[in-house]
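Report on the structure given below.
The residues of the chain are indexed from 1 along the displayed sequence.
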Amino acid sequence: MGFYLLAPLIVSQLNKLEGEAKKGILSVMRSLNTYAQYGLVLELLTGIYLFTQDDYSVLWIVLTSVLFVLIGAFGGMMGGPLRRALDGLKEKRDIAAELRKLRVFGTMVCVSFVAILFVMMFHRLFA
């Protein structure tokens, strides 16, 4: 899941790369995004188990659930632009629009991830 913290930084540096280097980075990002989505499902299952072990407030449950869904949604939305950017590089066309979408979705997933880390670490604030 730490990939989501680095995603905006990686995407912001893609404009400086050319050709095969850009294609390689996008390919790695696509793989990491897929693995992070599987990790998110695993975290959901373990999180549900851990949730049953303690008493949490309704506010904490709602915040955590909303942020969790946002992470999954923004991470999933990164998949389309990643695929289209890779296809665009193969076809030698401009991928600026896909990179802008990646930057937006990467930033949104990073912000959501930092927010859920805060909510999880300081859950007593939301009691």
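Residue Val69 shares its hydrophobic cluster (ILVMFWY side chains chained together at separations under 4.5 Å) with no other residue.
For Val109 against Phe74, the heavy-atom pair with the smallest separation is CB-CB, 3.8 Å. Pairing each heavy atom of Asn15 with each of Glu18, the nearest pair is O-OE2, 4.5 Å. Contact between Arg84 and Arg93 at its shortest, heavy atoms only, is O-NH2, 3.8 Å. Between Phe126 and Phe122, the closest heavy-atom pair is CD1-O, 3.5 Å. Of all heavy-atom pairs between Leu40 and Ile71, the closest is CD1-CG2, 3.9 Å.
The NE2 atom of His123 sits 13.0 Å away from atom CG of Leu59, with the distance rounded to the nearest 0.5 Å. A distance of 8.0 Å separates CG in Leu6 from SG in Cys110, rounded to the nearest 0.5 Å.
Contact of the Leu67 side chain with the Phe113 side chain is not registered, since no non-hydrogen atoms from C-beta on lie closer than 4.5 Å. Within the 4.5 Å cutoff, the side chain of Leu26 has heavy atoms near those of the Ile95 side chain.
Under the side-chain contact (heavy atoms from CB on, under 4.5 Å) rule, Leu102 has a single partner from Leu82, Asn33, Ile10, which is Leu82.
A search for salt bridge (charged side-chain N to carboxylate O under 4.0 Å, His left out) contacts involving Glu20 returns nothing, not counting sequence neighbours. Scored by the salt bridge (charged side-chain N to carboxylate O under 4.0 Å, His left out) test, Arg124 finds no partners at all (sequence neighbours excluded).
The local environment of CE in Met29 is crowded, with over 12 non-hydrogen atoms from other residues, nucleotides or ligands closer than 6.0 Å.
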